[in-house]
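For ligands, and for the atoms within them, numbers begin at 1 and follow the listed sequence. Every heavy atom of this structure was used, including side-chain atoms; hydrogens, water molecules and symmetry mates were not.
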Amino acid sequence: MGEITRRQFLRGSATGLAVGSLGAGCAQIMGGGEVGPKKGPRVVVIGGGWGGSSAAKYVRLADPSIEVILYEPNRTFVSCPFSNLVLSGVRPIDSLTFDYSRLQKHGVQVRHETVTAIEPASRRVRVGDKSVEYDRLIVSPGVEFQWEQVEGLAQNQDKVLHAWKAGPQTVQLANQLQSMPDGGVFVMTIPPAAYRCPPGPYERACQVAWYLKTRKPRSKLLVLDANQNVVSKAALFRAAWQAYPNLEYRGSNKVVKVDPTTREVTTDFGDKVKYDVVNLIPPQRAGTIAVQADLVGNDKRWCEVDHVTYESVKAKNVHVIGDSTIGLPVPKSGNVANAMGKICAVSVVHLIQGKQPPALPPGNTCYSWVNDREAIAVVNAYKIEGGKVVQIEQKLTPGQSVAVAQNAVGWATSIWHDMLG
Ligand SMILES: Cc1cc2nc3c(=O)[nH]c(=O)nc-3n(C[C@H](O)[C@H](O)[C@H](O)COP(=O)(O)OP(=O)(O)OC[C@H]3O[C@@H](n4cnc5c(N)ncnc54)[C@H](O)[C@@H]3O)c2cc1C
């Protein structure tokens with residue numbers, strides 16, 4: 001994979017050295033300035049995360065005559081996959097942080113700005129007071145939190161952390177965990193499905209429990225899950241939790257209130273639970289721009305799309321990919337967002353060229369670390385039948401192992417390169 005070898009990657013992980021860039025040169029990253037009028041076909045992409053970066057790169061790979069403008073406010077990309085390992089101190093955040101310079105080498109114009117409106121009728125996006133035309137728009141804004149669903153949360157966002165978008169909050173939560181006195185209670189709350197990364201909270205529970213077991217053996221982790229049972233890889237996670245007598249799991253415990261002054265959360269049954277550190281993962285919906293542009297369905301949360309082209313069912317020439325979508329039998333995962341990005345790119349290029357897009361199904365492999373050395377995984381295979389994505393099979397690893405964890409490192413290394421390298 002070019003500049004990052006697996007050996008370097010592992011070394012970076014073990015010593016805390018930053019990987020930081022996918023072998024980036026020192027290409028200048030564009031900031032503001034005007035986008036000129038369209039001279040030929042143009043694709044605009046909203047969001048430089050898992051879906052958007054992949055889509056932007058693959059449109060350029062498929063047809064370099066198409067102008068691609070990617071809007072992403074963040075100057076660096078921080079990977080949510082593997083970010084639970086930052087909480088346990090197994091990995092430094094730098095090893096999950098990359099810049100966008102390689103995308104520019106593929107001819108993607110990366111602009112670190114926020115798209116403020118979508119105007120499908122005139123095929124334009126607004127970026128503040130600027131207006132930018134497109135032939136096709138690809139929207140991959142990820143998730144936004146429904147703060148209003150938990151009383152006391154909106155006004156306490158600086159104290160009650162989610163760490164569900166990897167970045168500064170991931171490091172802050174790791175610091176809170178490290179500063180917690182031995183004998184303390186760490187409370188983690190899981191929102192009702194659908195939410196970003198179904199197995200993610202349970203992987204996080206493993207990492208926090210592992211950290212407490214090895215560093216603060218008198219402490220406890222209490223997991224309050226709004227769902228009835230573990231949502232993903234349930235038997236494998238429950239087997240892994242045998243090693244963690246410090247972990248207590250309570251299903252059907254939806255948290256509806258948080259009070260940082262009394263350090264207490266309240267469930268929908270009225271039970272009050274005291275914490276020393278809380279990690280509250282709020283309920284979620286599609287990224288705000290998708291909601292504002294009314295790309296969401298009647299639930300006002302998620303966007304329905306065509307299963308082959310990812311064109312929105314509500315707006316022509318606007319394609320939605322990644323976590324913001326609903327209706328496909330796929331998890332909200334980085335692996336799926338990357339696959340959707342590539343498939344959508346192929347479709348968009350075909351449509352611009354006046355050709356019929358091929359019917360390509362996504363795939364998904366999802367790894368979860370259960371301690372500092374071992375992982376579990378699930379693989380989903382899909383096909384397109386009657387214009388819809390359907391699942392062919394799902395396979396789980398028989399148990400947790402070091403070998404699966406090594407595969408996870410290989411997966412991450414290659415998919416990060418696929419998106420941004
Ligand atoms: C703790 C954790 C662990 C995870 N582990 C895994 C894993 O092991 N494997 C896996 O496959 N997945 C995993 N995931 C899930 C994965 O991170 C998401 O599914 C993936 O990020 C979705 O990609 P996306 O493109 O939809 O959104 P994102 O990657 O979040 O990208 C959205 C981007 O859009 C930008 N944006 C939003 N609005 C605008 C706007 N108006 N203008 C411009 N830009 C905008 C945002 O800044 C953001 O960068 C994990 C998630 C978490 C939280």
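- Contact annotation for S83 and ligand 1: only side-chain heavy atoms (C-beta onward) come within less than 4.0 Å of the ligand.
- When only non-hydrogen protein atoms are considered, atom 24 (P) of ligand 1 lies nearest to S140 OG, 3.8 Å.
- Distances between N or O atoms of E72 and those of ligand 1 include at least one value under 3.5 Å.
- Of the N and O atoms on the side chains of Q207 and N84, not one donor lies less than 3.5 Å from an acceptor on the other residue.
- In terms of protein heavy atoms, atom 9 (N) of ligand 1 is closest to W411 CH2, 3.5 Å.
- In terms of protein heavy-atom proximity, atom 45 (C) of ligand 1 is nearest to P73 CD, 3.9 Å.
- The shortest side-chain heavy-atom distance between S54 and D418 does not fall under the 4.5 Å cut-off.
- For the pair D323 and ligand 1, the shortest N or O to N or O distance falls below 3.5 Å.
- In the displayed structure, Q228 atom CD is contacted under 6.0 Å by at most 12 heavy atoms of other residues, nucleotides or ligands.
- Inclusion of R196 in the set of residues having an N or O under 3.5 Å from an N or O of ligand 1 is warranted.
- A 4.5 Å side-chain heavy-atom check between R250 and T267 finds every atom pair outside the cut-off.
- No hydrogens or angles considered: a donor-acceptor pair under 3.5 Å links the side chains of S79 and W416.
- Taking all heavy atoms of P201, C80, G49, S54 into account, the minimum distance to atom 2 (C) of ligand 1 is reached by C80.
- Summary of contacts: the protein heavy atom closest to atom 34 (O) of ligand 1 is G47 CA, 3.2 Å.
- Under 4.0 Å from ligand 1, the heavy atoms of N74 that appear belong solely to its side chain.
- Considering backbone and side-chain N/O of G51, one or more are found under 3.5 Å from N/O of ligand 1.
- Looking at ligand 1, you'll find an N or O of V115 within less than 3.5 Å of one of its N or O atoms.
- The pair K314-E304 does not count as a salt bridge, with every side-chain nitrogen at least 4.0 angstrom from each carboxylate oxygen.
- Of the protein's non-hydrogen atoms, the one nearest atom 21 (O) of ligand 1 is W50 CD1, 3.1 Å.
- Closest heavy-atom approach to atom 16 (C) of ligand 1 among the candidates G334, P141, P199: G334.
- At a cut-off of 3.5 Å, with distance as the only test, a side-chain donor of S101 or D99 sits close to an acceptor on the other residue.
- With respect to atom 13 (C) of ligand 1, the closest heavy atom belonging to the protein is P81 CG, 3.4 Å.
- At a heavy-atom distance under 4.0 Å, no atom of F77 approaches ligand 1.
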